Amino acid sequence: MELALISTKGLPEDSIILVRAGTSRRQVTSASGKAIHFPKITMEESPVKIDIFKPIATAYMVMKPCEMQYKVVFQNAEPIKMTCEVEVERSEDSIVAKDDAAKPTIGGAKEAKDYLETHELLQFIQALLQTVIKERPNQPYEYMARHFMSGYEAGDVRAQGRFRQGAVYVPLPEGTMELSMLARNGLPEDSIISVRAGAVRRQTAAASGRAIRFPKITLEENPIKIDVLRPIATAYLVLRPNGRQYKVIFGGDSSNEMSCEVEVRKSTPDTDGGKEEKPSQGSSKEAKEYLESHQILQFIQALLQTVIKEQPAKPYEYMARHFTGGYESEQLAPVALAGTKGFEPSSSSGQPVVDAAERLAAEATKQKEEEEGAALRIQSQVR
């Protein structure tokens, strides 16, 4: 079954409609006009709860191999800066201790490629580039350096992790991961944290202290998107036998009433978004121009070549130091690598990561347009 939004009145254009039927929760943007699918919507699921949320801040977290704690700094959170610290715990089967892996012998293309794969550097950089394209920070080098250091800056004091606080350790089920909030600053008490990893979205109250569990989160799900949502209205829809169309009123007088009309019907092939829209050439061009104006790909190409030559034991800290050390792309010239002739850093799909400006720009712009101008098509269930 699906619930289709037919019309709205008084709802902010950027608002998010969160619908709960029984134990299932789904969400859609109020301006998208798209239907959302549920396993079933019957009298057993009545009443259906409908919440209206306004997004007030967004951030992206780029995960690193074997890193458990991150600081998330939200963009566009004026006048109060919003941050939080989170802890990521994965089941043992999904963690491979790679930071302590033996350093391969320098001397050939295979060893250089093995080094990059051992530390999952190219996957991280691809996710970071997509995040930069989405956010387009004014100071991209400082922004990227912070992600290399798990979101922290020099001098930051990390919050104490759950297990260092004396929490009882309970192993997670195989192939799962939990994200817990350790600390928060500037987030409203009544706000909701919405976390999307890959094709899965979960929500929790910012003040609840509850962990959010995902089926799995690997570097393939990078970057993780975190939204801060603030509730602005709630209403309940009481289903009728054989009822199909309903008007939902969220309160207020006739001058400022918020309402919507919905239809409960059998699912259609285009449920939850239908065909994907192609990104506009103009937006992709702007994303590419942003990368080129800051010479980001040239800098990363040179930095990757330097990393391959040096093969530091802690490559993430090493690369962050280059970003924060005041280097410009023309100052960090590509290094000739002895013994690595014929090797070109490539992604898991085999494409050179440093020649992927158009592809990365198109993919990131497409996702950004879908998130901002279309339905949030991710199905979610809240614990």
Side-chain angles (χ1 to χ4, degrees), residues 3 5 8-32 36 47-61 70-88 151 159 162 165 167 178-197 200-214 224-238 248-253 255-260 262 371-372 375-376 378-383:
L3 187 146
L5 190 65
T8 64
K9 176 185 176 182
L11 274 64
E13 289 189 2
D14 61 345
S15 61
I16 294 173
I17 299 178
L18 198 61
V19 182
R20 182 166 188 168
T23 60
S24 300
R25 188 185 293 263
R26 304 288 186 266
Q27 67 184 51
V28 68
T29 55
S30 61
S32 69
I36 47 181
V48 175
K49 184 181 180 183
I50 303 178
D51 293 299
I52 307 298
F53 289 91
K54 181 177 179 61
I56 58 175
T58 297
Y60 291 89
M61 185 178 81
Y70 300 84
K71 182 177 181 180
V72 180
V73 179
F74 293 95
Q75 303 295 315
N76 302 321
E78 299 295 341
I80 300 175
K81 182 178 181 181
M82 296 185 187
T83 65
C84 68
E85 291 183 69
V86 299
E87 186 173 66
V88 176
R162 285 189 303 159
Q165 294 173 0
E178 281 191 347
L179 186 147
S180 306
M181 187 178 297
L182 302 176
R184 56 191 172 89
N185 177 48
L187 275 65
E189 286 291 326
D190 61 348
S191 61
I192 298 293
I193 303 298
S194 180
V195 182
R196 194 197 68 203
V200 180
R201 185 183 289 272
R202 298 284 188 266
Q203 290 103 0
T204 188
S208 70
R210 292 197 304 267
I212 310 174
R213 182 170 295 183
F214 291 83
I224 295 175
K225 184 181 180 184
I226 303 178
D227 293 302
V228 180
L229 310 176
R230 192 160 199 173
I232 58 176
T234 298
Y236 290 89
L237 169 63
V238 181
V248 182
I249 300 176
F250 294 95
D253 55 35
S255 62
N256 62 4
E257 175 188 279
M258 286 194 295
S259 65
C260 67
V262 299
E371 291 168 354
E372 294 182 350
L376 294 175
I378 308 303
Q379 296 185 351
S380 63
Q381 292 185 358
V382 176
R383 294 181 61 207

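These numbers were taken from a predicted model, which means no experiment stands behind them.
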Problem set entry | Set of salt bridge (Lys or Arg N to Asp or Glu O under 4.0 Å) partners for Glu13, sequence neighbours left out | none
Of the non-hydrogen atoms in [X] and [Y], which two are nearest, and what is the gap between them?
X: Ala206; Y: Met181; answer: O-SD, 3.9 Å
X: Val195; Y: Phe214; answer: CG1-CZ, 3.6 Å
X: Gln203; Y: Ile192; answer: CB-CG2, 3.9 Å
X: Gly186; Y: Met82; answer: O-CG, 3.6 Å
X: Arg213; Y: Arg202; answer: O-NE, 3.2 Å
X: Phe250; Y: Thr234; answer: CD2-C, 3.8 Å

Spacing of [atom1] belonging to [X] relative to [atom2] belonging to [Y], to within rounding of 0.5 Å:
X: Met258; Y: Ile249; atom1: CE; atom2: CD1; result: 12.0 Å
X: Ile224; Y: Arg196; atom1: CD1; atom2: CZ; result: 10.5 Å
X: Asp51; Y: Ile232; atom1: CG; atom2: CD1; result: 10.5 Å
X: Ile226; Y: Ile212; atom1: CD1; atom2: CD1; result: 8.0 Å
X: Ile17; Y: Thr29; atom1: CD1; atom2: OG1; result: 8.0 Å

Problem set entry | Glu85 side chain to Ala159 backbone, donor-acceptor under 3.5 Å | yes
Problem set entry | Non-hydrogen side-chain atoms of Thr58 and Lys225 separated by less than 4.5 Å | yes
For this session: Determine whether Cys84 and Val228 make a side-chain contact, defined as any pair of heavy atoms from C-beta on separated by less than 4.5 Å.
Result: no
Exercise. Does the pair Arg25 and Leu18 meet the rule for a side-chain contact (heavy atoms from CB on, under 4.5 Å), with working shown?
Worked result: CA-CA 7 Å; Arg25 188 185 293 263; Leu18 198 61; 3.2 Å; yes
For this session: Could you go through the side-chain contact (heavy atoms from CB on, under 4.5 Å) check for Leu3 and Arg26 one step at a time?
Result: CA-CA 10 Å; Leu3 187 146; Arg26 304 288 186 266; over 6 Å; no
Mind checking what makes side chain to side chain donor-acceptor pair (under 3.5 Å) contact with [X], not counting sequence neighbours?
X: Ser30; answer: Ser15
X: Ser191; answer: none
X: Asp190; answer: Arg230

For this session: With sequence neighbours excluded, tell me which residues meet side chain to side chain contact (heavy atoms under 4.5 Å, CB included) with Thr8.
Result: Leu5, Leu11, Cys260
For this session: May I have the step-by-step check of side-chain contact (heavy atoms from CB on, under 4.5 Å) for Ile56 and Phe74, ending in yes or no?
Result: CA-CA 9 Å; Ile56 58 175; Phe74 293 95; over 6 Å; no
